[in-house]
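There's a structure below that I have some questions on.
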Amino acid sequence: MNSFSRRQFIAATGAATALSLSGPLPQVFARTAASIADTQAAQRPDRILVVLQLSGGNDSLNTLIPYGDDGYYQNRFALAIGRDQVVPLGDYCGLHPQLRPLLPSLEEGRAAFIQGVGYPQPNRSHFESMDLWHTAHQLHYKSLRGWLGAAADRLPDNTFAPMLQIGNDPIPDSLLGQKVLPATLVDTQNFRRTIDQFSAVSQLRGLDKGEPRSNPLLSRLQQTNDTADQLSERLRAASLAAPRSTAWPTTGLAQKFKQVADLIAADLPTRIYHVTLHGFDTHSNQEPAHGTLLAEWSGAVAAFLADLEEQGQADRVLVFTFSEFGRRLRENASRGTDHGAAGVVQVAGPKFLNPLLGQYPSLSDLDEGDLKHSIDYRSVYASLLRDWLAVDPSEILGESFAPLPLFQSQS
Amino acid sequence: MRPATEPAWFDRWQPAEAWAAWRPTATDPWDFAQAAHLHRRAGFAANWESLERDVARSPESVIADFLPRELTGDEQQNLQAEQSTGQILAVAGEARRLSAWWLLQMVHSPHAATERLTLFWHGHFATSADKVPEANLMWRQYLSLRRLAWGPFRDLVQEIARDPAMLIYLDARDSRKAKPNENFAREVLELFCLGTGNYTEQDIRELARAFTGGGIRNGRFHDNRYQFDDGEKVFLEYRGPANRAEAIDAIVRHDACAKFLVWKLVRNYVADDIPRDHPLIEHLATRYRQDDLRTADLLRQIWSSRLFFDRDCRGARIESPVEMGVGLLRSLGLSFPMEVLADALRELGQLPLFPPSVKGWDGGNQWIDVRTAILRSNLVHRMIQDGRFAGEPHLPSWSRKDWPAIVKELVQLTCPQPISEQLHQGLVQIARDTDGNDQQRLAVVMGSLATLPEFLVA
């Protein structure tokens with residue numbers, strides 16, 4: 001048996017809390033340990049993690065805006081969001097106006113921003129930094145070990161499509177595990193072979209499935225084709241699920257989230273979904289493009305949460321939103337911002353400890369003009385793995401990253 | 001899936017032996033399968049007649065045909081006639097149709113290897129028409145890449161560093177002395193010339209200063225000397241007042257450059273999963289440096305090598321969508337609406353002129369997942385069902401309608417690895433059971449063959 005028993009879980013928690021976070025522990029994390037350990041894990045073996053990747057390096061300073069800090073206005077001229085426009089979350093920082101759709105969830109405690117997330121020796125290359133986030137820093141060439149893929153390898157029931165990417169982006173390295181393969185869906189309606197009505201074709205598919213192949217590349221492709229056949233069959237059965245009433249924005253991202261909601265409603269056993277929103281590399285004329293992206297993001301996530309609420313699945317699904325890095329404090333000459341370091345992570349779905357987790361990075365103590373991190377992203381991963389997916393994080397991340405307390409007890 | 005520790009097929013080879021010229025023997029002959037492999041890798045898949053003809057020649061002379069040479073007057077005229085259509089589409093601002101035109105060139109051009117190599121460089125210096133509004137600039141970039149594809153890498157980078165489409169794509173226009181734009185400098189080091197780990201953030205900042213002042217005026221590169229930072233820059237092993245061209249020369253001279261390029265080319269032509277620091281790469285890089293980074297010399301050596309003709313090399317790469325679509329049309333003598341093919345290739349993840357990011361196409365394992373596996377077999381089915389044959393499919397047994405023989409020939413033509421007798425019988429059964437005419441039957445057989453792993457590799 002492969003599942004993570006309660007006793008193992010408590011042992012792992014004990015070991016992890018004995019270690020400290022890589023940075024100083026922020027005040028807000030005073031409530032930790034036992035109460036949180038009781039809350040999650042193993043209670044619901046069917047929790048779902050939806051990962052939203054903001055590609056290009058989201059400007060966290062214009063996402064969660066430190067409007068109470070003059071340093072922000074001294075470094076942002078063309079791009080500053082005025083104090084009167086920020087949606088305040090306390091006296092220091094607040095939301096870009098286009099993120100207002102997330103406000104109700106933040107107020108209910110069903111969404112949170114984790115501030116100052118990054119890693120030591122920040123890499124400012126998109127691909128390198130995204131690689132680090134995808135592989136949790138275990139960069140070795142042929143590793144085929146993304147953090148989510150490694151998690152899926154360890155899920156108790158992972159035989160059928162445990163990970164799905166929605167949209168026709170290339171499969172991100174984060175989904176590459178050693179045992180289970182990720183899959184991509186664009187259009188759930190037409191996911192079928194045009195030749196599948198021929199009975200001799202199904203016979204050939206059956207023969208191919210049983211064909212012994214020693215060549216590793218060929219046997220991997222064989223497995224992919226076999227999963228494709230099975231998934232196609234499941235989706236045809238799922239297309240009969242009952243309709244729901246949530247109004248969805250017409251944006252591309254909202255349509256992707258709607259597909260995820262449909263698949264969850266259809267009871268697909270998938271545990272990890274991956275969605276990407278591109279366009280955050282705002283070197284020039286950042287506004288209004290960035291605001292439009294934030295609106296697309298917040299509108300899609302808000303509708304998704306509403307749909308899950310209607311389905312009665314809200315406690316089962318967590319949306320985790322990240323970007324490969326934040327951007328430089330000082331804007332550039334092209335009314336844009338260049339690659340930076342620490343940024344924000346956003347989580348939504350279940351009840352969180354606090355809508356603002358961690359501390360806002362200092363705007364005066366910088367690393368080559370960029371914000372410094374106080375929370376290592378791997379501590380966030382550790383929490384999502386242990387407290388959400390009930391997977392032992394030490395097998396994936398090693399022992400050095402204690403899970404960050406995120407959740408409120410679901411009593 | 002192979003654990004990271006298990007050796008790959010190419011790990012068996014010592015570098016000096018691997019890259020030595022292959023000599024066919026009685027037990028390791030130059031045959032139909034090797035000729036098909038050479039075409040599939042160096043250019044695009046070839047039809048039955050060309051392969052039979054090439055088996056009767058020597059591999060050296062077939063390889064020589066792939067390499068560049070002075071065109072005769074007639075060939076020059078033909079090329080100009082073909083390219084005039086592309087030119088018209090470019091001027092008309094039709095980037096999507098221009099992409100379809102390029103696909104058609106890959107199918108019909110007598111210079112398949114040049115188009116294939118140009119496609120490689122396009123992925124290397126990735127620029128997307130999604131962000132470059134003027135199709136004409138994409139067209140001029142294509143012509144530059146094609147013209148300089150085989151020559152010294154230095155000339156190619158120099159051209160790209162002044163290429164308007166590239167500068168627009170990377171937001172690298174109008175970088176000013178007071179606030180140098182680092183984006184272009186970063187990509188030159190990371191993606192174009194050296195690869196990660198061979199430079200520092202400080203190198204990027206210094207190099208960005210050498211690229212200040214460059215912009216575009218009337219669709220052409222323009223140097224604004226008032227915005228150029230002429231102070232001393234220190235990057236890599238260089239110290240001096242470098243301008244754009246001098247900076248590029250300094251980067252291309254760096255030891256890591258040859259190695260990075262050899263790795264990218266070997267991934268494209270030999271093994272898509274070879275590590276960057278593999279001894280096979282290092283060995284070839286030394287030679288590439290000695291040859292002044294002349295890509296034609298490097299490719300001749302790769303295509304002539306024992307490693308390239310190793311039987312395990314056949315089918316060791318996942319075939320890219322373009323290779324599959326173009327190869328199918330070429331190998332069967334089929335024609336199909338290219339704009340429809342272009343749309344399908346975009347779904348499969350590889351539409352020329354529209355790479356997904358500045359990193360180009362990752363390829364390899366990324367090409368195939370459950371979605372694209374289904375889409376590939378659907379596309380193959382559709383291309384044959386809706387396509388037109390010039391006369392008849394180019395298969396020796398076609399006229400006899402001998403389906404067991406036809407299936408065998410289709411596998412020889414389109415699969416680098418043989419399929420089992422059982423699968424062969426399964427395909428023959430499909431041909432027998434399918435209603436409709438012979439073309440419809442062929443479409444279902446090929447669509448089914450395309451669900452097999454042996455078809456998906458190259």
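Chain letters run A, B, ... following the sequence lines, proteins first and then strands; every chain starts at 1.
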Worksheet item: Is the Lys NZ or Arg CZ of B:Arg12 less than 6.0 Å from the centre of B:Trp9's six-membered ring, within 45° of the axis?
Response: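 Geometry flag: not set, cation outside 6.0 Å or 45°.
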Worksheet entry | Partner chain B: residue of A:His126, A:Glu368, A:Arg205, A:Gln203 with the largest heavy-atom pair count (under 4.5 Å) |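 Ranked by heavy-atom pairs under 4.5 Å with chain B, first place is A:Arg205.
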Worksheet item: Of all of B:Gln425, B:Gln422, B:Glu190, which one pairs up most often with chain A through heavy atoms under 4.5 Å apart?
Response: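 Maximum pair count with chain A is reached by B:Glu190.
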Worksheet item: Where on B:Asp362 is there a heavy atom nearer than 4.5 Å to chain A: the side chain, the backbone, both, or neither?
Response: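 Nothing of B:Asp362, per the 4.5 Å heavy-atom cut-off to chain A.
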Discussion item. Under 4.5 Å from any heavy atom of chain A, what part of B:Ala178 do you find: side chain, backbone, both or neither?
Written reply: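 Contact with chain A: none, neither part.
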Discussion item. If the threshold is 4.0 Å, N to carboxylate O, is there a salt bridge linking B:Arg205 and B:Glu182?
Written reply: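 No.
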Worksheet item: Is the A:His137-A:Tyr119 ring centre distance short of 6.0 angstrom?
Response: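 Yes, the ring of A:His137 comes within the 6.0 Å limit of the ring of A:Tyr119, centre to centre.
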Worksheet entry | Student check: side-chain heavy atoms of A:Ile166 and A:Tyr273 closer than 4.5 Å |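 Side-chain contact under 4.5 Å: yes.
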Worksheet item: Where does the angle between the aromatic ring planes of A:His290 and A:Phe280 fall among parallel (under 30°), tilted (30 to 60°) and perpendicular (over 60°)?
Response: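 Perpendicular: the ring planes of A:His290 and A:Phe280 meet at over 60°.
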Practice prompt. Please examine the side chains of A:Phe191 and A:Leu185, heavy atoms only from C-beta on, and report whether any two atoms are closer than 4.5 Å.
Written response: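 A side-chain contact exists here, since the closest heavy-atom pair is under 4.5 Å.
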Fill in: Taking every non-hydrogen atom, the tightest pair across B:Arg376 and B:Leu456
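Looking at all heavy atoms of both residues, the shortest contact is CD-CD2, 3.7 Å.
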Discussion item. Report which part of B:Arg317 has an atom under 4.5 Å of a heavy atom belonging to chain A: side chain, backbone, both, or neither.
Written reply: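 Backbone of B:Arg317 only, per the 4.5 Å heavy-atom cut-off to chain A.
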Worksheet item: In terms of heavy-atom proximity below 4.5 Å to chain B, should A:Gln222 be classed as side chain, backbone, both, or neither?
Response: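 Contact with chain B is through both the backbone and side chain of A:Gln222.
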Worksheet entry | Salt-bridge criterion met for B:Arg267 and B:Asp273 (N-O under 4.0 Å) |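 B:Asp273 and B:Arg267: not salt-bridged.
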Worksheet item: Ion pair present between A:Arg213 and A:Asp208, side-chain N to carboxylate O less than 4.0 angstrom?
Response: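 Yes.
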Worksheet item: With under 30° as parallel and over 60° as perpendicular, where do the rings of B:Phe192 and B:His124 fit, or are they tilted in between?
Response: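 Plane angle between 30° and 60°, so tilted.
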Practice prompt. Heavy-atom distances under 4.5 Å only: say whether A:Ile171 touches chain B with side chain, backbone, both or neither.
Written response: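 It is both, since atoms from each part get that close.
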Practice prompt. Identify which part of B:Ser175 has an atom lying under 4.5 Å from any heavy atom of chain A, answering side chain, backbone, both or neither.
Written response: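 Neither the backbone nor the side chain of B:Ser175 comes within 4.5 Å of chain A.
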Worksheet entry | Inter-chain contacts: residues 193-201 of chain B against chain A, heavy atoms under 4.5 Å |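 When heavy atoms of chain A are the reference, residues 193-201 of chain B contributes B:Thr196, B:Glu201 within the under-4.5 Å range.
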Fill in: Heavy-atom contact with chain B under 4.5 Å, split by part of A:Gln165
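When you check distances to chain B, no heavy atom of A:Gln165 falls under 4.5 Å.
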Worksheet item: Going by the angle between their ring planes, with limits at 30° and 60°, are B:His278 and B:Phe10 parallel, tilted or perpendicular?
Response: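 It falls in the perpendicular class, over 60°.
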Worksheet item: Name the one of A:Gln286, A:Arg76, A:His283, A:Arg328 that satisfies side-chain hydrogen bond (donor to acceptor under 3.5 Å, both in side chains) with A:Thr337?
Response: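 Single pass found, and it is A:Gln286.
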Discussion item. Between A:His278 and chain B, with a heavy-atom cut-off of 4.5 Å, which part of the residue counts as in contact: side chain, backbone, both or neither?
Written reply: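 When you check distances to chain B, no heavy atom of A:His278 falls under 4.5 Å.
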Discussion item. Using heavy-atom distances under 4.5 Å, tell me whether B:Leu191 contacts chain A through its side chain, its backbone, both, or neither.
Written reply: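 Only the side chain of B:Leu191 comes within 4.5 Å of chain A.
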Discussion item. So if I apply the side-chain contact (heavy atoms from CB on, under 4.5 Å) rule between A:Leu231 and each of A:Thr270, A:Asp226, A:Leu164, which one comes out positive?
Written reply: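 Exactly one pass, corresponding to A:Leu164.
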Worksheet entry | Interchain contact, A:Pro212 with chain B, by part (heavy-atom threshold 4.5 Å) |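 It is neither, since no heavy atom gets under 4.5 Å.
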Discussion item. For chain A, which candidate among B:Gln429, B:Glu454, B:Arg176 shows the most heavy-atom pairs at distances under 4.5 Å?
Written reply: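 Looking at each of B:Gln429, B:Glu454, B:Arg176 in turn, B:Glu454 comes out on top.
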Worksheet entry | Option that, when pairs with chain A are counted at under 4.5 Å, heavy atom only, ranks first among B:Val457, B:Val444, B:Asp435, B:Val445 |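 Ranked by contacts with chain A, first place is B:Val444.
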Worksheet item: Quick one: of B:Thr451, B:Asp171, B:Leu452, who has the most non-hydrogen atom pairs under 4.5 Å with chain A?
Response: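 That would be B:Thr451.
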